[in-house]
Amino acid sequence: MRVCLISTYELGHQPFALASPARWLADEGADVTCTDLAVECLDEAALAEAGLIAIHLSMHTATRIAAAAVPKIRAINPDAHLCFYGLYAPVNDAYLRETLGGQSVLGGEVEGELVRLYRHLAHGEPWDGGDGVALIKHRFKVPRREGLPSLDNYATLDPGDGSQVTVGYTEASRGCKHLCRHCPVVPVYNGRFFIVSREVVLEDCRRQIADGARHITFGDPDFFNGPGHALKLVEAFHGEFPEVTYDATIKVEHLHQHADKLARLRATGCLFVTTAVESVNDEVLAKLDKGHTRADFIAAVRAADAAGLTLSPTFIPFHPWATPEGYLDLLQLLAELDLIENVAPIQLSIRLLIPQGSRILELDDIHRYLDGFDAEKLSYRWSAGDPRADALQAEVRDAVQQGEREGAGRRAVFQRIWELAHAACGRTAPPLPVSHHTGGVPAMSEPWYCCAEPTEEQLAQV
Ligand code: SF4
């Protein structure tokens, strides 16, 4: 039986979430076709023959793009079993079934469940349920990347010298042991995480490096959920590929706790670490249950500096408790810490996303900011308590989009946002402090985020 696995958007990476189930399904004898709509069109011939079509929903943007693609997929093949899987599938279960016609919705460690679904369909048996979140520890397999678009179709890395480096992507663990309130991992994994064996990760890296990758992104939700595993892995990785660099995502709390390990990351080829700071206001950080404070963030910046490691902080600066003064405080701290070049401009415009099942809904005061669930946007509508914050967010978003259109550098966009934030506070913007960076800051050509609305272009592309 033919199985079509479809990805809509994975932040510029070749989709690991197609490659991993593709291996499991192919081992079962399935005829698997993978399509990544971020870089290619629907494969009409394969879709027409498929008995199972499974669409991966990694994030909010991907889910919104999938909703635009489903009518086209159904026009080609109205009869195949339609499955949605991934982080954003279980939280949107009702919408995916009732509006998009999904017949199964899977989350968590989905490979085994997809195989079970395939077996049922291949044997003509009705799917007996089992839908929902699978948190079963299984033996991971090396992803099957044959049939996916080659790595040169995807986001590249500028290591800081203006060159473009081909990037591979893998995961050394899945899920997360933390319970941050705003995080989409939490409703699915609920504090659990699973280690992928070192040999599987290394073999996946080996194959992507053979295909041209000179930098690997370890896309684990948090690389230091298992620091022993992470360090042994990068030491083996560096021993085998001393010329290949990598990046990883590590939460502020772990950077702080494991400051003594950061030099080992740098020594093994880590070029930068993405860290989800979200806010520099301790009250907001407590609401988000982030497990760090403003002081911890500053300490983490100093620890990374001491280890020669570049940080790439991410933020959710616009939330129901935001004020222009609080936003300006964030910009001032970034300028003071010499991080202007380290922050992708889109991070300064992100608005909190509250999907179904978000732990944010547990907060006592949140309901006063909410205005119902937006079924089309798959999130709760909310307004900031201070309406000036919503107005500022719209201006910052426009400035970021204009900067993207013009190809403006990070500092130039920051300058514009700096002026907007001062104006919103009724102040005149002073000159920005001079940067002490001696070289460029490593950055991907497509920045990390998980909660932006898709652009008109992305929706039109499918
Ligand atoms: S925000 Fe990061 S550390 Fe917190 S639960 Fe999500 S993945 Fe884990």
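These numbers come from the heavy atoms of this one structure, side chains and all, not from hydrogens, waters or symmetry mates. Counting from 1, the numbers follow the sequence of the chain as shown. Just so you know, ligand 1 is whichever comes first in the structure, and atom 1 is the first atom listed for that ligand.
In summary, an N, O or S atom of Cys180 is located under 2.8 Å from atom 4 (Fe) of ligand 1. Backbone or side-chain N, O or S atoms of Cys183 reach atom 6 (Fe) of ligand 1 at under 2.8 Å.
Contact check for Tyr95 versus Val105: no side-chain heavy atoms found under the 4.5 Å cut-off. When side chains are defined from C-beta on, Tyr154 counts as touching Pro15, because their heavy atoms get closer than 4.5 Å.
Less than 4.0 angstrom separates some heavy atom of Lys290 from each of these atoms of ligand 1: 1 (S). Atoms of ligand 1 found under 4.0 Å from any heavy atom of Val186 (numbered from 1 in listed order, with element): 5 (S). Near Lys251, with a cut-off below 4.0 Å to any heavy atom, the atoms of ligand 1 are 3 (S).
Distance check: Asp289 CG to Arg181 CZ gives 4.5 Å after rounding to the nearest 0.5 Å. Separating the OG atom in Ser104 from the CG atom in Leu117 is a distance of 4.5 Å, to the nearest 0.5 Å.
Remark: minimum distance from atom 8 (Fe) of ligand 1 to any protein heavy atom is reached at Cys176 SG, 2.3 Å. Summary of contacts: the protein heavy atom closest to atom 2 (Fe) of ligand 1 is Pro221 O, 4.3 Å.
Remark: aromatic rings of His254 and Phe224 are distant, center separation not under 6.0 Å. Aromatic pair His367/Tyr369: ring centres not closer than 6.0 Å.
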